[in-house]
Amino acid sequence: MVSPWMTNVVILFGIIVAIVGVVAYLRVYKNSAWSAASSSNSRRTDQPSDNLMPSAEESAATIDQPVEDDKI
C-alpha cells in the first residue's frame, strides 16, 4: 500500500500539470484567434470580399456573354 502523502503529491502534481496545460492552450488559442481576427479585419478594409454571391442582375448579365477560350 502506498502512503497517503505520496498519493496526495501525485494528485497535486496532476492538478498542477492540468492547470499549466490549460493556461498554455488558452494562450495559443488567444494568439491564433487574435491573428485571425486582425488579418480578416485588414483584408476587409483593403480588399473587397471574394465570397459574395452575385445579384440576380449580375448573374443574368454573365449568362448572355459568350465564353472566350483561354489563349496561351
Side-chain angles (χ1 to χ4, degrees):
M1 186 89 183
V2 179
S3 56
W5 68 270
M6 184 62 117
T7 303
N8 291 336
V9 167
V10 170
I11 290 174
L12 183 64
F13 177 75
I15 291 171
I16 291 171
V17 168
I19 291 172
V20 169
V22 168
V23 169
Y25 173 77
L26 290 177
R27 288 183 66 191
V28 169
Y29 178 75
K30 183 182 77 166
N31 289 339
S32 66
W34 276 105
S35 66
S38 64
S39 67
S40 67
N41 286 340
S42 65
R43 188 184 72 205
R44 284 187 202 151
T45 58
D46 295 342
Q47 300 171 356
S49 179
D50 295 335
N51 61 356
L52 294 176
M53 297 290 293
S55 65
E57 294 85 17
E58 291 173 345
S59 61
T62 57
I63 292 174
D64 296 336
Q65 297 174 352
V67 176
E68 296 181 14
D69 293 332
D70 291 335
K71 295 185 172 84
I72 298 175

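We number each residue from 1, following the sequence as shown.
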Quiz item: Do Tyr29 and Val22 belong to the same hydrophobic cluster, where Ile, Leu, Val, Met, Phe, Trp and Tyr are linked whenever their side-chain heavy atoms lie under 4.5 Å apart, directly or via other members?
Solution: yes

Exercise. Write out all pairs satisfying side-chain hydrogen bond (donor to acceptor under 3.5 Å, both in side chains) with one or both partners inside residues 5-25, taking only residues at least two apart or from two chains.
Key: Ser3-Trp5

Quiz item: Does one hydrophobic cluster hold both Leu12 and Val20, with members joined at side-chain heavy-atom distances below 4.5 Å?
Solution: yes

Quiz item: What's in the same ILVMFWY side-chain cluster as Val28, cut-off under 4.5 Å, chained through other members?
Solution: none

Practice problem: Under 4.5 Å between side-chain heavy atoms, chaining through other members, with only Ile, Leu, Val, Met, Phe, Trp and Tyr counted: pull out the rest of the cluster around Val17, sorted by chain and number. | Solution: Phe13

